[in-house]
Amino acid sequence: MDKTQWNERKKIIEKALVEELQEDKALDPRLCEAMKYSLTAGGKRLRPILVMAAADAIGATGTDYIHIACALEMIHTYSLIHDDLPAMDNDDYRRGKLTNHKVFGEGMAVLAGDALLTQAFEVILRQDNVPAEVLVQVVREVAIGAGPNGMGGGQSIDLEAEGHQMAMTIDDLRKMHGAKTGALFRAAVRSGAIVAGAKPEELTALTRYADCFGLAFQITDDILDVVGDEAVIGKPVGSDERNEKSTYVTLTSLDEAKKMAADAVNEAVDALSMFGDKAAFLRELVECLLNRNK
Ligand code: GRG
């Protein structure tokens, strides 16, 4: 894939993310520093990129929705900070840097995550080129994606399964990751489509794309934990096997997982058929999941 558009948009997103923090207005500069530390730590910026690419597919200009795009990345970053805490995965490294709590302490990491989640909703409302009644729909999508029946619920199922060393079936895994990881991808794609004025059938097609994207993303994440390069990924590999975690690889095999990922990518591409060239980027984005190394 030619990553020019991806890289250009990443630059726009990364500049905007820092501006969203409004550091000069921070009540406690240390909290703002902790938020900024994780927000600027790198990452693929997939969720904001998806917001914009979904809007493009409907015929709008993705970069016109930068605040909504940033809000999705702020929520993703919050989830990573909390996921790394000792009470959750207890990780020391993320995106090649020390995790937030290792630098700022656990209390501040909890606050930085909470603050990113909360501020994200205000950041959505900064999108003043979108009518208020449409922004309300976006807030609803994002709240559902991040909440107890989305990312939060998926994380909770994962936490319980780990505590009880429960073996999961493929269906359980699909349900858990569909919420933990997939729901935020779905919220990103649907938000971009909604602000761009998607017709119901377009929204349905893009939702199918998002769900297949989420599935392909998760399967390739599990594959990377087996075959990936620690230095490229920015966190230790092999942790799923060490922690006896159920994954698409451990429940099937490396080859079977690769086949499942390819099937999900094909279905995602199929879902884009009505959009023609306007969905070229969405198409390439999901296809490149199969070759990703981070
Ligand atoms: C109860 C509301 C509530 C919340 C709990 C902690 C938590 C919220 C959720 C955790 C969700 C989580 C960490 C999912 C993992 C998703 C995942 C595979 C992240 C990696 O995403 P990439 O590859 O990362 O897009 P980069 O670094 O590129 O941004």
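Read the numbers this way: they start at 1 and go in the same order the structure lists the ligands and their atoms. Everything quoted here is computed from the prediction, not taken from an experiment. Atoms considered below: every heavy atom in the structure, side chains included; atoms not considered: hydrogens, waters and symmetry mates.
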TODO: Measure up the Phe217 and Phe213 rings against each other and bin them: parallel (under 30°), tilted (30 to 60°), perpendicular (over 60°).
DONE: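 Because their plane-to-plane angle is under 30°, the rings of Phe217 and Phe213 count as parallel.
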
TODO: For residues Phe104 and Glu33, determine if any side-chain heavy atom of one lies less than 4.5 Å from a side-chain heavy atom of the other.
DONE: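 Touching, per the 4.5 Å side-chain cut-off.
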
Task: Asp277 atom CG, neighbour heavy-atom count above 12 within 6.0 Å - done: no

TODO: Could you please provide the protein residues found below 4.0 Å of ligand 1 on a heavy-atom basis, arranged by chain and number?
DONE: Gly43, Lys44, Arg47, His76, Tyr78, Ser79, Leu80, His82, Asp83, Arg95, Ala146, Met151, Gly152, Gln155, Lys180, Thr181, Phe217, Asp221

Open item on the list: Under a 4.0 Å threshold between the charged nitrogen and the carboxylate oxygen, would Glu122 count as salt-bridged to Arg126?
Closed with: yes

Open item on the list: Under a 4.0 Å threshold between the charged nitrogen and the carboxylate oxygen, would Arg94 count as salt-bridged to Asp83?
Closed with: yes

- [ ] State whether Tyr93 and Lys102 meet the cation-pi test: NZ (Lys) or CZ (Arg) under 6.0 Å from the six-membered ring centroid, and within 45° of the perpendicular axis.
- [x] no

